[in-house]
Number of protein chains: 4
Amino acid sequence: MATPVYSGATRTPQRGRPRDASRDDALRQAALEVMAEVGYRALTMDAVAARARAGKATIYRRWESKLDLVIDTCTQLAQQNLAEPDTGSLAGDLREFLSAFAAFLSGPVGKAAQALVGELPHEPELASAFRGTFLTAQRDVLRRILDRAEERGELRQDAPRGMAVEIAGAALIYRLMLTGDPLDLPFVDRVVEQVLMPLVAKGQ
Amino acid sequence: MATPVYSGATRTPQRGRPRDASRDDALRQAALEVMAEVGYRALTMDAVAARARAGKATIYRRWESKLDLVIDTCTQLAQQNLAEPDTGSLAGDLREFLSAFAAFLSGPVGKAAQALVGELPHEPELASAFRGTFLTAQRDVLRRILDRAEERGELRQDAPRGMAVEIAGAALIYRLMLTGDPLDLPFVDRVVEQVLMPLVAKGQ
Amino acid sequence: MATPVYSGATRTPQRGRPRDASRDDALRQAALEVMAEVGYRALTMDAVAARARAGKATIYRRWESKLDLVIDTCTQLAQQNLAEPDTGSLAGDLREFLSAFAAFLSGPVGKAAQALVGELPHEPELASAFRGTFLTAQRDVLRRILDRAEERGELRQDAPRGMAVEIAGAALIYRLMLTGDPLDLPFVDRVVEQVLMPLVAKGQ
Amino acid sequence: MATPVYSGATRTPQRGRPRDASRDDALRQAALEVMAEVGYRALTMDAVAARARAGKATIYRRWESKLDLVIDTCTQLAQQNLAEPDTGSLAGDLREFLSAFAAFLSGPVGKAAQALVGELPHEPELASAFRGTFLTAQRDVLRRILDRAEERGELRQDAPRGMAVEIAGAALIYRLMLTGDPLDLPFVDRVVEQVLMPLVAKGQ
DNA sequence: ACATAACCGAGACGGTACGTCGCGTCTTCTA
DNA sequence: TAGAAGACGCGACGTACCGTCTCGGTTATGT
């Protein structure tokens, strides 16, 4: 699930016409466009196929379902957009990363992610895929930011790092998906100054 | 939307056979059961009607759509389950309320709520209904808990109360909907002690 | 198979909305039109549904397949068009009936019947339905024509009536379906005078 | 259409690897087997290719379509199986030829031919190919049988030879394709004695 | 001898129709 | 008039087959 499986590694000598890898991108692009226009619920495989000038079978050859296509489209985008900052200070890194993440979530991917979240409870495979990519990618960056802060001596000794990582993600996701309030810079600043820094930084 | 509309106010003197109010509960109960079993996406109106031994028209007479039925079912449950605690201390109130809320979310309503969240971006009416009930109900309780703490002099002067309310909800929802980690008592305790109390309470 | 089965005889008290019998006719009419335009092979259920402004499910509720729909459409037409002649003489009756039958087969129903014939070997139910209606209807008329001729003393004593009936049908069908030569009045006359009359009539 | 087109006449000097002529037979054999098993309608090119362990392109290099493949398969068989008898008497020749033809039609080719007949009205090329081979081959044999009978003085002067040929074919085809009654020897005998001989032979 | 060109098996591709399912509405009978 | 039952128009689903194409690999010929 989640990524087109024909990577080639486990495929014997290559018989028959090989899959056209460029169709992957065209289909992902089409999926993203359609989703941005009409949303996840109203996204139909026919629409994606038509926009990419592809047959539906070509989609189903690569992804098992609408969900699978969408999650793959999103995680691929996530991996390209979650750059790791290094400003030299904990507060700077947090601000940098969280504001970039907030901007990313405010785009079409945010809507898609939200739609996916609704499917997690009844789709275990999707859930583990989603958590293994979207979620851990973001948490790992935050963990490394805290690691570097520790090396610089910025952290308290007993800093609850896991909780900090969790709260950082939670604050953004909650706004995005539940309250609908804007994920803007002032909000990120307040989260960093009022919540995260007091939680882990020295002498606050 | 959201609540059965036949409350009587706008309906002319009442001619013909009156609606059987007990069908409301039967249908909500059926909806909850079906949703707990197969999830929101796979819930069909036919299934709900069949389980309640009702006709589909009977459902559509009361709710406008599948979404409307589900949101109403959930908010009604929420209103019954969000009791307001009064233990005499801020930490006690928070612990009490958040653990009760966590327990509530861990049940079938949690799954349903999660499913609804996926629909919010493309269903503005649903979104405002959801926020106007599920969300504000919980936030109001938290606000009143903080109010009482202030009266008792437990709060710092500049305590960011809005942020505290937001973080409290976010921490729970994030676990419930994103990470899937358990919403247990130790977690609630850690949120209260490590995050919320330092954020708003005096002399921490 | 072959005819909409909801005739009512075996259906308990009638629960729910009854089938709209006028849809039957509309769908049969649409099927006939589409078949006349594009032929049996190119006839699609979507096209029939669209022309009758019906949903495909409405078709499948009444007929099991494209074949079933078409055979029903044709046999109904056959029953309406195979009038029994009574001119007072064997030759007259044969001429009358066979020319009417030839005219009927020369229309759209002929093409449809031909298409159906191609399916008979692998569709036993269809075969028995086809033979039980289309075929026997026509054979029965011929048999009765011979019966009346016998009463009038026109038949030879040892007339091979079964063979006469069979050859009459065969001559027409062979032209229609195999050679494609015209099923016109001169041909019918020659069949009657050269083949059928010598076969069964006295003193020829 | 109808026969593999690479006969060589119109093809430039022959460059590259020449076609493997043995694939023709393998593919025709596979087509015949599949058709005998599932019928014409359910015959798919993929199935034929798979059974012959051939690629689909190999089929389409030789025949233009499914129909083309099937008609070629059948006419080739027809040409091999319609031997011309010479018993010395009209009745003997007719009996001999028609019983051989009946036996041939009772095999898988009969089913295939029937399937093809269903396609004739909407496939003019197929129709003329079918009539130009299957049909005329059989009619020519019958005509020559009548010619020899005339030379022996067995025919009436005004014998309607065309009608005799037509009725002979019609009687068999009608049973085969319409009524489904057996094409056995007694039936052939009765057709010869009761219908054909009286129609054309002297002194009957 | 060896490049050339057409062959071959395999299977991906764009497309069309399939038969099913769910939606929300409408229409019957029964209470 | 409400309610149960279920037919209705609509539209998306995921599958199957069409006929074409593109691979890697094979096999005769023509330079």
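The chains referred to below are lettered A, B, ... by the order of the sequence lines, with proteins before strands, and numbering in each begins at 1.
With the nearest nucleotide of DNA chain E identified for both P18(D) and G16(A), P18(D) has the one nearer the 5' end. Nearest-nucleotide assignment on DNA chain E puts the 5′-proximal partner with A49(D), out of G55(A) and A49(D).
Counting heavy atoms from C-beta outward, D68(D) and S65(D) have side chains that approach closer than 4.5 Å. You'll find the side chain of L67(B) stays beyond 4.5 Å of the side chain of F130(B), heavy atoms only. Taking the side chain as every heavy atom from C-beta outward, V117(A) and Q114(A) never approach each other to under 4.5 Å. Side-chain contact check for R61(D) versus T58(D): some heavy-atom pair is nearer than 4.5 Å. A heavy-atom distance below 4.5 Å is not found between the side chains of W63(C) and M45(C).
The CG-P distance, from D20(D) to dA5(E), rounds to 22 Å in whole Å. Rounding to whole angstrom units, CH2 of residue W63(A) and P of dG14(F) are separated by 14 Å. Rounded to a whole Å, the CG atom of L27(B) is 15 Å from the P atom of dA2(F). At whole-Å resolution of the value, CD1 in I59(A) and P in dA12(E) are 16 Å apart.
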Could you run down the sub-3.5 Å N/O contacts of the protein with nucleotides 22-24 of chain E?
unit_1	atom_1	unit_2	atom_2	d
dC23(E)	OP1	M45(B)	N	3.3
dC23(E)	OP2	M45(B)	N	2.9
dC23(E)	OP2	D46(B)	OD1	3.4
dG24(E)	OP2	Y60(B)	OH	2.5
dG24(E)	O5'	Y60(B)	OH	3.3
dG24(E)	N7	K56(B)	NZ	3.2
dG24(E)	O6	K56(B)	NZ	2.9

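For R53(B) and dA5(F), the shortest distance from a side-chain N or O to OP1 or OP2 is below 4.0 Å. An OP1 or OP2 oxygen of dA12(E) is reached within less than 4.0 angstrom by no side-chain nitrogen or oxygen of T58(A). Between R61(B) and the phosphate of dG3(F), there is a side-chain N or O to OP1/OP2 separation shorter than 4.0 Å. Within the 4.0 Å cut-off from OP1 or OP2 of dC23(F), not a single side-chain nitrogen or oxygen of R19(A) is found.
The pair E119(D)-K66(D) does not meet the salt-bridge criterion, since no charged nitrogen lies less than 4.0 angstrom from a carboxylate oxygen.
For the side chain to side chain contact (heavy atoms under 4.5 Å, CB included) test with R28(B), the passing option among Q76(B), R23(B), E33(B) is Q76(B); the others fail.
Distances from the side chain of R17(A) to the nucleotides dA28(F), dC13(E), dA4(F) place dC13(E) closest.
On a pure distance criterion of 3.5 Å, no polar donor-acceptor pair joins the side chain of R15(C) and the base of dC29(E).
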